[in-house]
Amino acid sequence: MTREPPLEHRLDRRPEPHGDQLTSVGHHRSDHSTSPRAEHPVDHRAEPHHTPAVLHREVVSVDVPLPADVVWEHVRKPELIHRWYGWDRDDLADDIERIFVEHAEVEHDHVPGTSIRRLRWHHHEDLELRCRDDNPGHTLVIVHRAARDLSVSFDGVRDVVDENWISSVHQLHFALTVHRGEDRRTFAVHGLDAGPHQNPLMYRAGLHGARGVPIGGHVEATRPDGTKVGGTVVYRTDLQFGVWLHGIAESLLVIQEVPVASHPPHGAVNAILNTYGLSDELRAEAQRRWAGWWDGHRHHA
């Protein structure tokens, strides 16, 4: 087993991890609600803002059915950021402190009818909260980044920073709407070979049909040990999707699919399981099932 991968959204822009890694412990925006509970997301976005000579594009936007004050503290306090950002690893706390505290500039603004709070970074990237004055119980969370031709994380097919912002913002939504007030533990695999066309990893993992399930639809996967796990598809983009699992605990499974052009010869799969409120006994059981689900696929070609 190689060492844990670095978090892919970092200010120093470290490259994405390659190779099979099993650890315990963001151009494509989501076009759907992150939760089947959010039946009518509020459209209170405005035109994306600009900085001189840099066109910002929207990477992901998610409607959170909570006041802006609640969401804001979850992007400002390190102990709350840990409940949704990235995945567990030894230096996650250091990265959160560096990215969200040391390097983030805080801005407040108000346009007619909408209050805006923003974290901005020097490389033309920001995380923005928008709350309409006439609907204070909903907050729109948006991540903007610079144009693709200015992004060192874009390889011509996939932008690793985009993909991890997408995952993290949906994890924020899940943490606030399903497990508010609970600490998180994650299990993650990165860089698993997606396998040849005749024997793809997603088929072996029991998730080959998830792409065809509509948002809000049910997914049932059969793990290699024969046990089944079911859940609800809560979001999907071109290169990833999220499933709200209804197993031994309500958890969020994020699957990122890396194209062949970005990770030859077959492409790759990254998976993150976000769990909350597990006892030591349940956490051990969840880790056992996670390893059984993914560890056996690490050496398939």
Side-chain angles (χ1 to χ4, degrees), residues 5 7-9 16-18 20-26 28-36 60 62 84 86-88 157-175 184 186-195 199-224 228-247 250-260 262-263 266-275 286 289-298 300:
L7 192 60
E8 293 172 327
H9 169 59
E16 183 175 15
H18 290 278
D20 299 338
Q21 303 190 4
L22 176 67
T23 60
S24 168
V25 198
H28 299 296
R29 61 177 290 272
S30 173
D31 294 321
H32 304 278
S33 165
T34 61
S35 169
V60 59
V62 169
W84 61 270
W87 58 88
D88 290 342
V157 177
R158 176 178 181 263
D159 191 311
V160 62
V161 177
D162 282 9
E163 295 304 313
N164 283 288
W165 265 127
I166 293 169
S167 298
S168 287
V169 170
H170 285 286
Q171 289 169 177
L172 169 63
H173 183 281
F174 189 79
R184 179 185 68 149
T186 68
F187 304 94
V189 288
H190 293 270
L192 296 184
D193 189 285
N199 188 29
L201 170 60
M202 294 296 283
Y203 183 88
R204 288 180 268 122
L207 292 168
H208 57 288
R211 274 290 181 188
V213 177
I215 302 299
H218 183 74
V219 171
E220 185 173 89
T222 301
R223 291 177 287 220
K228 296 183 182 296
V229 59
T232 304
V233 177
V234 291
Y235 80 91
R236 180 187 294 113
T237 69
D238 289 346
L239 296 177
Q240 66 175 276
F241 61 90
V243 180
W244 179 349
L245 295 180
H246 313 300
E250 302 294 294
S251 55
L252 179 66
L253 174 66
V254 172
I255 299 291
Q256 298 181 352
E257 297 176 282
V258 184
V260 172
S262 298
H263 195 289
H266 303 129
V269 173
N270 303 327
I272 307 167
L273 182 67
N274 298 265
T275 70
R289 293 187 181 185
W290 179 257
W293 195 356
W294 298 101
D295 200 17
H297 302 308
R298 293 190 296 141
H300 284 268

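All of these numbers come straight from a predicted model, not from anything done at the bench.
With His218 contributing its side chain and Gly231 its backbone, the two residues share a donor-acceptor pair below 3.5 Å. In this structure a side-chain-to-backbone donor-acceptor pair under 3.5 Å is present from Trp293 to Ala205. Checking side-chain atoms of Gln171 against main-chain N and O of Gly86 turns up a donor-acceptor pair under 3.5 Å. Side chain of Arg223 to main chain of Gly206: no donor-acceptor pair is present (N/O by atom type, distance under 3.5 Å, no hydrogens or angles).
Between Asn199 and Arg204, the shortest heavy-atom contact is O-NH2, 3.1 Å. Nearest heavy atom pair, residue Ser262 against residue Val258, reads CB-CG1, 3.7 Å. Residue Pro259 comes nearest to Val157 through the heavy atom pair CG-CG1, 3.7 Å, listed as atom of the first residue, atom of the second, then distance. Residues Ala221 and Leu207 share a closest heavy-atom pair of CB-CD2, 3.9 Å. Nearest approach of Pro224 to Gly292, heavy atoms of both residues: CG-O, 3.6 Å.
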Given side-chain contact (heavy atoms from CB on, under 4.5 Å), test Trp84 with His173 step by step and report yes or no. CA-CA 8 Å; Trp84 61 270; His173 183 281; over 6 Å; no
Set out, in order, the CA-CA distance, both residues' side-chain angles and the distance that settles side-chain contact (heavy atoms from CB on, under 4.5 Å) for Arg236 and Arg211, then state yes or no. CA-CA 8 Å; Arg236 180 187 294 113; Arg211 274 290 181 188; 3.1 Å; yes
Please walk me through it: do Trp87 and Asn164 pass side-chain contact (heavy atoms from CB on, under 4.5 Å)? CA-CA 10 Å; Trp87 58 88; Asn164 283 288; 3.6 Å; yes
Evaluate side-chain contact (heavy atoms from CB on, under 4.5 Å) for Ile255 paired with Val269, printing each intermediate quantity in order. CA-CA 7 Å; Ile255 299 291; Val269 173; 4.2 Å; yes
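Rounded to the nearest 0.5 Å, atoms NZ (Lys228) and OG1 (Thr222) are 3.0 Å apart. The CZ atom of Phe187 sits 12.5 Å away from the CG atom of Leu253 when rounded to the nearest 0.5 Å. Taken from OH in Tyr235 to CD in Gln240, the straight-line distance is 3.5 Å, to the nearest 0.5 Å. The distance from the NE2 atom of His170 to the CG atom of Leu252 is 9.5 Å, given to the nearest 0.5 Å. Separating the OG atom in Ser167 from the CG atom in Asn274 is a distance of 9.0 Å, to the nearest 0.5 Å. How far CG of Asp238 is from CD1 of Ile166: 8.5 Å, rounded to the nearest 0.5 Å.
Looking at residues two or more places apart in sequence or on another chain, you find a salt bridge (charged side-chain N to carboxylate O under 4.0 Å, His left out) between Arg289 and Glu285.
Using a 4.5 Å heavy-atom threshold, the side chains of Leu172 and Val62 count as separate.
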